[in-house]
Amino acid sequence: MSQHITIQNLTFLYESQSDFLFQNLNLHFGPGWTGIVGKNGSGKSTLAKLITGEMDPHSGIIQGNGSVRYVSQDTYIAKEVLEDFLYDDSKESGRFKNLLKIRIASSEDYDSLSFGEKRRILLAVALSESPAVLILDEPTNHLDFESIQIIGSSLSHYKGIGILISHDRSLLDDLVTNCVFLEKNFYSQRPGNYSEGKKEMEREAKERAHEWEEARFVRKKLEVELGRRREEASLSHKHRSKKGLDLHDHDGRQKKNLARVSGKDGQAGRLKQQLDKRAEHLERKEKEIFAKLPEKENLGIVWKTQNSKRKHLFLWEGEKIDFGFMELQIQSHIQIHPESKIAITGKNGSGKSTLLKFLVKELKQKQISYLYLPQEFSKEEIQSLKWEFQHLSPEAKARVLSGVHRLGSDPKRVFESESFSPGEIKKMFLSLHLDANPEILLLDEPTNHLDIKSLEALESSLKPLSTALVVVSHDRRFLESIAKEEWSLENLSVTQKHLDRI
């Protein structure tokens, strides 16, 4: 059984693309968990497929990947595999059934399980096999906080070579001891968890940026000197040339010959050649440093918002809220003030999105201006967003694309694409409504489908927000960063808490 995976000088190119996705990639994976992070499209899943052998590199070597178990983001499992696992009474199988709280007794029950329960079964099957190498692709995506905690705790018991592709910063910080950062034209492998690696990356990025600025300054200064030297060399050449002299001007011709023999006037030309070579060297160095500069950080977007003059935007003093198909008990009256920052938390199916839609309905009835971001957009809503964008003025389009860029997506791709990813649709929607001037923002799972860079850009956009904010999310770190109050939905009841008690 291999104890290490080594990737040497790996190069990979998709046939449909002109630029290499990876060039001379060198990585090392040892026992324990290594995180792979990067923007969507940076090659995380491709790297996983190269390690599993599902795809072949253009060139380079991958060693130690003879026995790899890969768990993708879907929930499909063959009936035979599931039954073998359920009827397996070995110690290892029982251990992970217990850790991941597997409750089903028959494979017939699988289809009726929630998404999170299915994900836990898939992980339990993989972990119980004790593979030498285990690769997980977004294991906590779309899961509630309880499932995330169960999975994170269970993964810490794995002792092989673990590779974790994830946007979950808390999971990366709690689990990994190594992190691979993939960026455009650049990669880096760091010891430590995500936060430690990111801090070191940012420090080195500042050093590279400073080095590039210095090289650029020296080159610009040299260009000025070169301009002067070229002029001197031109004058020197003119001084040595006999062109234009009268054939009988013997004194003038003798002076020209003396200048050529002594070489004094030729020094300017030689110095100019030396400076040309130095300038070429500096230009190469500047380009090399620039190629390794990280992509510019996305600073987030800025909403045009107003501070409401109302005493409160929402107040519910009843003992329950009746949605027709379900009721939520209220332990004490709940309200939203103009400056409130509220996180709505709870298990999947507890009524979080239903409560948010109820708030939207109440705000609409009271004619309070709001901006509501749904968890998912219908095909009709997506078409409407496209139509709205396409009929903007060129200046307005530029502002929207700038917002999309500042939230972490390539504006050129968004502008030219016929279809958008779920994450791009969210960015388009938010950027289209920067001037909506709402009194309150209501966001339903805004971090779903976002990579780490985009998530952090959205986070920085919401932190300084002065208007009221209500967010449904399972991302603990995201909520702790932007919210001050929690409405926890448990057992069909709403309980108000401080956010630090999540």
Side-chain angles (χ1 to χ4, degrees), residues 5 7 10 12 14 21-22 25-55 57 62 64-65 67-76 115-116 118-120 122-123 125-127 131-143 147-148 151-152 154-156 158 160-184 186-198 201 408 421-423 447-456 474-475 477-478:
I5 292 178
I7 297 176
L10 184 143
F12 180 81
Y14 279 107
L21 182 61
F22 301 125
L25 186 69
N26 292 281
L27 296 172
H28 176 267
F29 300 92
W33 286 100
T34 297
I36 299 181
V37 300
K39 291 176 67 172
N40 291 334
S42 61
K44 301 185 296 296
S45 294
T46 301
L47 179 58
K49 290 174 182 177
L50 287 165
I51 294 172
T52 62
E54 185 180 332
M55 299 173 73
I62 303 176
N65 62 332
S67 174
V68 182
R69 184 71 155 83
Y70 175 67
V71 181
S72 67
Q73 294 186 48
D74 64 37
T75 58
Y76 170 77
F115 180 80
K118 290 178 180 177
R119 294 288 291 164
R120 296 209 304 270
L122 290 167
L123 288 172
V125 171
L127 287 165
V133 182
L134 179 58
I135 302 177
L136 305 182
D137 197 345
E138 296 289 355
T140 60
N141 213 15
H142 305 303
L143 301 190
S147 292
I148 292 171
I151 287 173
S154 302
L155 294 180
S156 65
Y158 174 69
I161 300 171
I163 298 175
L164 173 65
I165 299 170
S166 181
H167 300 312
D168 188 327
R169 295 169 295 176
S170 295
L171 181 64
L172 288 165
D173 277 351
D174 292 343
L175 194 64
V176 309
T177 55
N178 238 290
C179 228
V180 174
F181 294 83
L182 296 179
E183 296 187 20
K184 187 178 180 182
F186 182 73
Y187 75 93
S188 178
Q189 185 165 12
R190 306 276 167 178
N193 60 23
Y194 169 72
S195 293
E196 292 165 345
K198 185 189 175 191
M201 283 272 291
S421 70
T447 64
N448 279 1
H449 309 294
L450 298 188
D451 56 43
I452 285 186
K453 293 280 188 181
S454 300
L455 191 158
E456 290 175 341
H474 296 299
D475 189 321
R477 185 172 299 188
F478 178 72

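Numbering starts at 1 and runs along the sequence shown. All of these numbers come straight from a predicted model, not from anything done at the bench.
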Checklist entry - Would you find a donor on one side and an acceptor on the other, under 3.5 Å apart, between the side chain of Y187 and the backbone of N26? => result yes
Would you call L143 and F115 a side-chain contact if the rule is heavy atoms closer than 4.5 Å?
yes
- Query: Are L47 and L25 close enough that some pair of their side-chain heavy atoms sits under 4.5 Å apart?
  - Reply: yes
Rounded to the nearest 0.5 angstrom, the CD-CG distance for Q189 and L27 is 5.0 Å
From the list I62, N65, I135, side chain to side chain contact (heavy atoms under 4.5 Å, CB included) partner of T52 resolves to I135
Using side-chain heavy atoms (C-beta onward) and a distance below 4.5 Å, is I163 in contact with V180? no
Here the pair of heavy atoms bringing S45 nearest to D137 is OG-OD2, 3.0 Å
Rounded to the nearest 0.5 angstrom, the CG-CG distance for L155 and L175 is 5.5 Å
When D174, V37, I452 are each screened for side chain to side chain contact (heavy atoms under 4.5 Å, CB included) with R169, the one that passes is I452
In this structure, NE2 of H449 is separated from CD of E138 (nearest 0.5 Å) by 11.0 Å
Exercise for review: Would you kindly say whether S195 and N193 are connected by a side-chain donor-acceptor distance under 3.5 Å?
Suggested key: no
*asked:* Please check this pair: side chain of Y194 against backbone of D168, looking for a donor-acceptor N/O pair closer than 3.5 Å.
replied: no
Looking only at heavy atoms, the pair that brings I161 and P31 closest together is CG1-N, 4.1 Å
Closest heavy-atom pair, N178 versus R190, reported as atoms and distance to 0.1 Å, is OD1-O, 3.0 Å
- Query: Does NZ in K49 sit with more than 12 non-hydrogen atoms of other residues, nucleotides or ligands closer than 6.0 Å?
  - Reply: no
- Message: Counting C-beta onward and ignoring hydrogens, is there a side-chain heavy-atom pair between F29 and I7 closer than 4.5 Å?
- Response: yes
Heavy atoms of S72 and R119 approach each other most closely as O-NH1, 2.7 Å
Rounded to the nearest 0.5 Å, the CG atom of L182 sits from the OG atom of S188 at a distance of 10.0 Å
- Message: Quick one, M201 and E183 - any side-chain contact, counting heavy atoms below 4.5 Å?
- Response: yes
A side-chain contact here means heavy atoms from C-beta on lying under 4.5 Å apart; do S147 and R120 qualify? yes
Closest non-hydrogen contact found for P139 with I151 is O-CD1, 3.8 Å
Sub-3.5 Å donor-acceptor pair from the side chain of K39 to the main-chain atoms of G408, do we have one? yes
Taken to the nearest 0.5 Å, the spacing of K198 NZ from L172 CG works out to 12.0 Å
To the nearest 0.5 Å, atom CG of L136 lies from atom CG of L123 at 6.0 Å
**Asked** Do the non-hydrogen side-chain atoms of H167 and L450 ever get within less than 4.5 Å of each other?
**Response** no
What I'd like to find out is whether the side chain of T46 reaches to under 4.5 Å of the side chain of F22, using heavy atoms alone.
yes
Between D451 and S454, is any side-chain donor less than 3.5 angstrom from a side-chain acceptor?
yes
Between I165 and A48, the two heavy atoms sitting closest are CD1-CB, 3.8 Å
